[in-house]
Amino acid sequence: MTLRGKSDPGWSALVEEWKAAQRRLRGRMIITPLDPLPRFIAGADCAFSGDQQTIYAAAVVYDRETRRVIDVAHATRPAEFPYIPTFLSFREGPAIKQAIRALKHEFGAILFDGQGYAHPRRCGIAAHLAIELDQPGIGVGKSRLIGEFGTLASKAGATAPLVDDDEQIGVVLRTQKGLRPVFVSIGHRVDLGSAVKLVAACCTRYRIPEPTRQADLAVAKLKRASDTPAASSRRNRIS
DNA sequence: GCGACAG
DNA sequence: ATCTTGTCGC
């Protein structure tokens with residue numbers, strides 16, 4: 001990217017290009033039940049180096065039967081796109097896709113950290129990446145991007161529809177009693193009912209479903225190992 | 001014009 | 001996302 005800020009002439013033209021790309025991807029979205037719910041679920045997440053110049057991504061494959069992570073893959077790339085609300089996938093997408101493609105074990109669906117359909121153009125990061133990878137994908141956001149929702153019970157499993165412009169775009173799901181809910185929306189090759197069931201089925205004792213949580217833990221380790229002063233010194237053979 | 005705004 | 005330990009509250 002050459003233009004760096006909203007004050008640069010041509011910024012709005014770039015924004016329109018990005019929006020057009022999202023609308024094209026949205027046109028390729030396939031909505032269908034995921035049945036039966038797959039046993040092996042991939043999860044992906046990313047983190048940034050202290051100077052913000054490097055993006056670390058991790059992907060895992062989680063076995064719902066044994067409740068264990070059976071595969072982990074990493075990717076490290078330069079961060080070349082800024083964080084702009086509604087364009088998150090342009091920033092994190094390349095690294096996350098690379099990590100997912102590096103997985104060796106098969107999986108039947110991917111859980112992403114962020115919205116899928118629950119996006120202004122119905123193409124959040126989960127939809128964007130799942131469509132490009134042409135794999136079943138689901139968005140699991142820790143907070144809301146758009147949409148309104150009512151009060152939901154405080155017990156685990158409580159849900160409320162997430163609505164935007166008179167359309168249901170997702171489900172607000174409380175995964176643990178008394179904890180803040182997560183925002184579930186479809187990405188690709190799933191329907192909302194299947195998405196919510198799968199996310200709920202991937203939850204153990206934490207707010208975040210295991211595939212995504214394990215990916216978060218994995219990327220934290222990667223970051224620690226490559227972004228730490230001590231680690232850098234060791235790599236450079238300094239004592 | 002004034003907020004809101006995934007990670 | 002990231003800066004950051006203990007601490008107040010259900």
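From a predicted model like this one, the values you see are computed outputs, not experimental measurements. To find a chain, count down the sequence lines: A is the first, B the second, and so on, and within it residues start at 1.
Counting non-hydrogen atoms under 4.0 angstrom, A/I55 reaches nothing in the nucleic acid. Using a 4.0 Å heavy-atom distance criterion, A/F87 is classed as a base contact. At a threshold of 4.0 angstrom between heavy atoms, the contacts of A/F48 are confined to the sugar-phosphate backbone, with no base atom among them. A/G178 comes within 4.0 angstrom of nothing in the nucleic acid, heavy atoms only. Using a 4.0 Å heavy-atom cutoff across all strands shown, A/Q115 reaches at least one base atom of the nucleic acid.
Residue A/R121 contributes atom CZ, which lies 14 Å from atom P of B/dA6 at whole-angstrom precision. Per the geometry, CD1 belonging to A/I146 stands 14 Å off P belonging to B/dG7, to the nearest Å. With rounding to whole Å, A/R180 atom CZ is found 17 Å from C/dC10 atom P.
Between A/K142 and B/dG7 there is a side-chain N or O to OP1 or OP2 distance below 4.0 Å. Residue A/K223 has no polar side-chain atom (N or O) positioned under 4.0 Å from OP1 or OP2 of C/dA1. When the side-chain nitrogen and oxygen atoms of A/S143 are compared with OP1 and OP2 of B/dG7, one or more of them lie within a distance under 4.0 Å. Under 4.0 angstrom from either OP1 or OP2 of B/dC5 there lies at least one side-chain N or O belonging to A/R144.
Of all the heavy atoms in A/S185 and A/A118, the pair that sits closest is OG-N, 3.5 Å.
Stacking here means ring centres nearer than 5.5 Å and ring planes tilted less than 30 degrees, and by that measure A/F183 does not stack onto B/dA6.
Aromatic ring pairs are classed by plane angle as parallel below 30°, tilted from 30° to 60° and perpendicular above 60°; the pair A/W18 and A/F90 is tilted.
In this structure, the side chain of A/R91 engages the main chain of A/F81 through a donor-acceptor pair within 3.5 Å.
The ring of A/H74 has its center no closer than 6.0 angstrom to the ring center of A/Y56.
No salt bridge links A/D165 with A/R122; every basic N to acidic carboxylate O contact stays at or beyond 4.0 Å.
You'll find that the side chain of A/L145 is closest to B/dC5, out of B/dC5, B/dG7, C/dT2. Here the side chain of A/H119 is nearest to one of C/dT2, B/dA6, B/dG7, namely B/dA6.
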